[in-house]
Amino acid sequence: MPSTLRNSIRAAVAAEKTQAASASGASPSEIFGRDVFSMKVMRERLPKNVFARLEQTVAGGETLQESDADVVAGAMRDWAIERGATHYTHWFQPLTGATAEKHDAFLTPSPLGGGQIVSEFSGKMLIKGEPDASSFPSGGIRSTFEARGYTAWDPTSPAFLIANGSGKTLYIPCVFLSYTGESLDSKTPLLRALDAVSKQALRVLRLFGNTTAVKVNAMVGSEQEYFLVDRRYYNLRTDLQLSGRTVFGAKPCKGQELEDQYFGAISPRVIAFMTDVEERMLALGIPARTRHNEVAPGQYEIAPMFEAANIAVDHNMLTMQIMRNTAAEHGFACLLHEKPFAGINGSGKHNNWSLCDSDGNNLLDPGNTPRDNAQFLVFLAAVLRAVHKHAVALRLGVVGAGNDHRLGANEAPPAVLSVFLGDQLTEIVESMADGRSGKGKGGTFGGFMEIGVSSLPKLPMDSTDRNRTSPFAFTGNKFEFRAVGASQSIAPANIALSAAVACALDDIATDLEKEVKKGKNLNTAVQTLLSKLFKEHKPIIFNGNGYADEWQVEAKKRGLPNLKDTVSAVLKYSDKEVKEVFLRHAVLSERELLARQEVLLENYIKDVHVETKLTQVMGRSVILPAALRFAAETAAYSATAKQSGYPALSRYLSALNAKTEALLKALDALDAKHEELDATDGVRAKAVGARDKLLPLMAECREYADALEGIVDDAFWPLPKYNEMLWQH
Ligand code: ADP
Ligand code: MG
C-alpha cells in the first residue's frame, strides 16, 4: 500500500494545535519605533545645528553636506552598536521589484595587523555605497564596462535595526543609481514624483490664498492581503516555492462560496503569527492597525495606519519581509502572490491615497467652508483628470505576470480604470458639467452653500458608499487604488499616481494662474474650469458593478483603455501620451523610461518561463509517475472490467489512461513552444510569445493534471491538495 509523504504530513498537520507567539506582550507605545534611528533619536543625539540642517534636508529635499553626513553617520553607528549591531547595509529597491542588501561589518581587523580593530563607517559611506551592480536589471542603461552602480542614503526614510541570528544589522534606506546618475530603482522616481505633485499642488494652494504650507505630501495606507499555508505542505510544492503560485491543483471541494471565512474568528495559530508580526512591525515604527480574515479560505489582511508615501513604500516592503520570516517561525509559509490558488480569490493590495499639506490639512477632505469646498472640488477634478487622461500610465503602475491573474481576469478589479465617486458627489460633478443649477436627485442637496459663486453647490459630508468592484474609489477623504497586486511594491503605483496627478494639477494651476493674471476673479475662474473639467472627464466616473460584462462594453464606448495583460500595457509605455506623464516633471528621463519598459518585459518573460519549467518538471517527474503507478496497480481490473461488462468501471480506468496520454502530449507541445521561444530574438517577441503560447499550453497541461488528481488514488498523490492546504487552520 503506497503512502505518500504528503499523507503522513497530513496527519502531523492535523495534530498541530497552535504555537505560542513569541512577542513580548509589551504595550505598543513601549515598542513603537524602538529599533528606528528616528528624528526623535537624531534630535537627542545630534548637535543642534546639524540636526536643524538635517531637518531641512528632510523637509525640503536639499542635499546633506558631507561634513554633516559624517556627524550623522557617527551618531547612527554609535546608536546601532550600543544596541548590538555588528553590520550595516545599504538597503535599496532595484528593478527586480524586491529589496536588496549587502552587509558590511562596522568593525574590521586592521590591514596593518597587530590585532587592531578599526571602524570604517564614515559619512561618505553613509551617503554613498558602491555595490557591484552588474547583476541587477538595468534595461540596457548600464553596459558592463561601467557596471558599478551606487547607493545613496535617502534621509527622508529613517535607518533601522533588524536582528539576524545573534547580531543586528543597521539598515540604511537608499536610492540606487547608475554610474551616470540614472535611476536603477523605484525609490528615485518615487521621490521625484512626490516632489512634482507637491510643487504642483502648492501652486493651486497659493491661488486659494494659502501662504503657509511648504510642502504637500502624498499619504498612503496599504492594505496587504496574503495567504498562510502550513510549511510542511509548502515544502512539497516546488511550484509555490519557486513561482509563488500553484501551477497544478484541482479546485477544493469547499471554496469561498459559503462566505464563512470573511471577517470570521481568527484561529489561535494564525493570531499567534499576527501578534508576532505586529510587534516586529511596531518596533520598526510601522503603525500596524487592522487585521482580519479575508474572503478566501486561508486568506488574511493586515493594514497599517497611513503615512507619507515614501515611508509607506519602505514600510510595506518591510512588512512583507517580516511576514515571510515570521511565518517560517510559526511553521507557515506566507504567500504574497496575486493568485496562489486557481479558482478562488487572489490577493491584492489596496493603495489608499490622499494629499496632505504640511499644515496637516487633507486636501481630499470636502471641508466645511465655501473656500475649502471649492478647493476640494479642484483637487477632485485633478484626480479625475489624472485617472482619465493618464489611465495607461496608472495601469503601468500595477503590471506583473502575477497580477494578470486578477486584473482583467474573472476577478476584480477589472483592467479598465474608472473612478467610483458615489451618487451624491457624482450628481454634483454632473450638474456642474451640464451647467445645471445643482439640484440633486430628490433635492438631497437643494440648498447652495455660499462660496463666493452662488452656483457651486454645498458638498454632502458623508457621501461615500462602498463599492468593492471599483479599481479607484473615493472613500470619504481619500482614494483607494485597488489594482495593486499583493506581491508588488507599491512604489510603481505611487510613482504613476503622483506623476499623473502632478500633470493634472499643473494644467489646472496654469489655467487658473492665467485667468487670474488676466484680472478674472478666482471663484469665477474656478467655476468655469470645473465645469469644463467635469464635462471632459465625466466618462471616467462609474459607480456600477465593475465586474459585470456590460461594463466592459460600456467602457469601450466611453473610449476607456482596457489593457488586459502586462504585455499589452508595457508595450504602451513608449507611446507619446504615456511618456509625457513621466517626462514632463522629470520623474523619469527618456532613457530611464525605455529601460524600465525593457526590464518589465524581461521580468514578465522570466516569471512565465519559471512557471513553464515548473509545469514541465512537475508534470513529468511528479504527476505522470503517480498516474502510471496507479495505472499499473489497476491494470488487472481493466481486463476484468471489459470482460465482465462493467462499462462504468471501464470508463473510469480508461479515463485514467486518456488523461495521462493527453497530459504527456500537452507537455510535449509545451516543450516545443518553449524551445522555439527561447530561440526567438527580442524581448517583445518573447514576451508576446510567453503570453500567447506558453500560458495557454500551461493551462492545458494543468487541465489534464487536475483531472488526474480526481481519478488517481489519494494515497498515490504526491502533491498537497487545495482541500488540505486551504482548510487546515
Ligand atoms: P477598509 O478595509 O474599510 O478600506 P481599512 O481600515 O482596512 O479600511 O484600511 C484603510 C486604510 O486607509 C488604512 O491603511 C488607513 O490608514 C488608510 N487611510 C485612512 N485615511 C487615509 C488618508 N487620508 N490617506 C491615505 N490613507 C488613509
Ligand atoms: Mg480598503
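As the structure lists them, so they are numbered: ligands from 1, and atoms in each ligand from 1.
Residue Pro304 holds the heavy atom nearest to atom 14 (O) of ligand 1 of all those in Pro304, Ser222, Ala218. Closest to atom 6 (O) of ligand 1 by heavy atom, among Glu223, Arg482, Arg289, is Arg289.
With no hydrogens or angles considered, no side-chain donor-acceptor pair links Asn351 and Ser222 at under 3.5 Å. His337 and Arg245 form no side-chain donor-acceptor contact under 3.5 Å, judged by distance and modelled atom types alone. Between the side chains of Gln299 and Asn345, no donor-acceptor pair of N or O atoms lies under 3.5 Å.
For Phe227 and Tyr300, the ring centers are positioned 6.0 Å apart or more.
If you number the atoms of ligand 1 from 1 as listed, the ones under 4.0 Å from a heavy atom of Asn362 come out as 23 (N). Here is the list of ligand 1 atoms found below 4.0 Å of a heavy atom in Glu301: 7 (O). Within the listing of ligand 1, atoms 16 (O) sit less than 4.0 angstrom from a heavy atom of Met305. Residue Gly221 has at least one heavy-atom neighbour below 4.0 Å for each of these atoms of ligand 1: 14 (O), 26 (N).
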Show me the donor-acceptor pairs, under 3.5 Å and distance only, between side chains in residues 202-209 and residues at least two apart or in other chains.
unit_1	atom_1	unit_2	atom_2	d
Arg203	NE	Glu513	OE2	3.0
Arg203	NH1	Gln200	OE1	2.7
Arg203	NH1	Asp506	OD1	2.8
Arg203	NH2	Thr510	OG1	3.0
Arg203	NH2	Glu513	OE1	2.8
Arg206	NH1	Asn210	O	2.9
Arg206	NH1	Ala213	O	3.1
Arg206	NH2	Ala213	O	2.7

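Taking 4.0 Å as the cut-off, Glu480 counts as a neighbour of ligand 1 on heavy-atom distance. Between His350 and ligand 1 there is no heavy-atom distance shorter than 4.0 Å.
Looking at Leu364 against ligand 1, nothing comes within 4.0 Å, counting heavy atoms.
Without hydrogens or angle criteria, Asp195 side chain to Leu191 main chain gives no donor-acceptor distance under 3.5 Å.
Under the salt bridge (charged side-chain N to carboxylate O under 4.0 Å, His left out) criterion, Arg558 pairs with Glu554, sequence neighbours left out.
Checking only distances, Phe306 does come within under 3.5 Å of ligand 1, N or O to N or O.
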